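The structure appears below as structure tokens.
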Amino acid sequence: VNQLEERQEEPPLQIFILDVGQGDATLVIGPDGRALLIDGGPPKTGAEAVLNVMADKGIEGVDWILLTHYDTDHIGGIPEILETLRPRVGLIDRGNGTTEENRSYRGYLETAAAFRITARPGDILPLGQGASATVIVVNGRYSDGRRIHLNPEEENESSIGLLIRYGNFSYFTAGDLPGGGAPGGYETKEMESWAAE
């Protein structure tokens, strides 16, 4: 009974998967209140969803913003978010170079320049009370040393894969990292299962 009571008193790790329509945005709140925003959804919708949820939950800021990759449905809301919200530690992305030379990417580079940190495999973001988020893969490089040759025309292959852990709980998120197979007849690389090993 004492062990059960102790577990119930542990502060929770909270993960909010936000409704941004076509796109991704996830807000992670560590047990001690440290906050990580993963992606910002598409333009307008993403910023609206992120900022509304933060206001509803009484979250005043984030420690990190992490962008899995540079597709518009993941970074489009970031310039608008940065008008209101500055990361306390930094904005983590996969580094320079992409074929996604669109308005969202250019807007992101203009607004995020002062905060950018390039992710490396094995980087750890401490979320408090033993909770953490670890970069498992970025730009086809895995934290165990394996590498996959990337197609420079495939932005999804460069996605950051992040493993969030707290006690016995694990949560993996990886932007649009391909998982193999042929959706719609288009063959993709098997990269996701490597990250799960």
Side-chain angles (χ1 to χ4, degrees), residues 16 18 20 23-30 33-51 53-54 59-128 131-143 147-148 150-164 172-177 191 195:
F16 302 95
L18 308 181
V20 295
D24 280 321
T26 303
L27 182 62
V28 180
I29 309 300
R34 288 182 230 188
L36 163 65
L37 174 63
I38 304 168
D39 291 332
K44 294 184 183 168
T45 311
E48 225 171 78
V50 168
L51 298 173
V53 166
M54 289 184 69
I59 301 161
E60 295 180 5
V62 295
D63 295 274
W64 302 275
I65 296 174
L66 182 137
L67 298 179
T68 57
H69 64 300
Y70 299 136
D71 283 343
T72 296
D73 59 341
H74 292 255
I75 68 165
I78 293 295
E80 296 162 308
I81 291 168
L82 288 175
E83 288 175 11
T84 304
L85 184 68
R86 305 290 178 152
R88 289 186 277 262
V89 179
L91 193 156
I92 300 163
D93 63 30
R94 65 174 198 75
N96 292 328
T98 181
T99 57
E100 293 295 306
E101 291 290 336
N102 55 45
R103 179 181 295 168
S104 293
Y105 179 68
R106 289 189 300 275
Y108 163 68
L109 290 180
E110 289 170 16
T111 57
F115 310 103
R116 291 179 72 201
I117 299 169
T118 300
R120 295 171 311 207
D123 283 351
I124 298 172
L125 310 178
L127 298 171
S132 64
T134 303
V135 175
I136 300 298
V137 59
V138 58
N139 293 322
R141 294 173 45 226
Y142 291 79
S143 55
R147 298 183 111 168
I148 287 184
L150 303 180
N151 177 349
E153 302 297 316
E154 294 293 335
E155 177 63 27
N156 292 346
E157 292 180 7
S158 298
S159 290
I160 294 175
L162 198 65
L163 180 62
I164 297 168
F172 180 70
T173 184
D176 289 336
L177 196 68
M191 295 181 71

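All figures in this text were calculated on a predicted structure; none of them were measured in a lab.
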Distance in Å, [X] [atom1] paired with [Y] [atom2], rounded so as to fall on 0.5 Å steps:
| X | Y | atom1 | atom2 | result |
| --- | --- | --- | --- | --- |
| I117 | W64 | CD1 | CH2 | 9.5 Å |
| I81 | L91 | CD1 | CG | 9.5 Å |
| T72 | R103 | OG1 | CZ | 10.0 Å |
| M191 | Y142 | CE | OH | 4.0 Å |
| R34 | L127 | CZ | CG | 7.5 Å |
| Y105 | D71 | OH | CG | 12.0 Å |

Should [X] and [Y] count as side-chain neighbours, where that means a heavy-atom distance under 4.5 Å?
| X | Y | answer |
| --- | --- | --- |
| E155 | R94 | yes |
| L125 | I92 | yes |
| D176 | D24 | yes |
| Y108 | H74 | no |
| L67 | D39 | yes |
| N96 | R116 | yes |
| I65 | L82 | yes |
| L37 | L66 | no |

Under the criterion side chain to side chain contact (heavy atoms under 4.5 Å, CB included), which of V138, N156, V137 is the partner of L177?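 So, applying the side chain to side chain contact (heavy atoms under 4.5 Å, CB included) to L177 and each of V138, N156, V137, only V137 qualifies.
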Which of these, V89, V62, L162, sits in a side chain to side chain contact (heavy atoms under 4.5 Å, CB included) with L36?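 Result: among V89, V62, L162, L162 is the only option passing the side chain to side chain contact (heavy atoms under 4.5 Å, CB included) with L36.
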Using side-chain hydrogen bond (donor to acceptor under 3.5 Å, both in side chains) as the criterion, list what pairs up with [X], not counting sequence neighbours.
| X | value |
| --- | --- |
| R88 | D63 |
| E80 | none |
| R86 | none |

What's the shortest heavy-atom distance between [X] and [Y], and which atoms?
| X | Y | answer |
| --- | --- | --- |
| S159 | A174 | CB-O, 3.5 Å |
| P42 | G23 | CD-CA, 4.4 Å |
| G61 | L85 | CA-CD1, 3.6 Å |
| I160 | A119 | CD1-CB, 3.7 Å |
| S104 | G76 | OG-CA, 3.8 Å |
| V20 | A49 | CG1-CB, 3.7 Å |

Could you walk me through whether I59 and L27 pass the side-chain contact (heavy atoms from CB on, under 4.5 Å) check? CA-CA 10 Å; I59 301 161; L27 182 62; 3.9 Å; yes
From CA spacing to verdict: side-chain contact (heavy atoms from CB on, under 4.5 Å), I164, I38: CA-CA 11 Å; I164 297 168; I38 304 168; 4.2 Å; yes
Could you walk me through whether E157 and I148 satisfy the side-chain contact (heavy atoms from CB on, under 4.5 Å) test, starting with their C-alpha distance in whole Å, then the side-chain angles of each, then the deciding distance to 0.1 Å, before giving a yes or no? CA-CA 9 Å; E157 292 180 7; I148 287 184; 5.8 Å; no
Sub-3.5 Å donor-acceptor pair from the side chain of N139 to the main-chain atoms of R141, do we have one?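 No.
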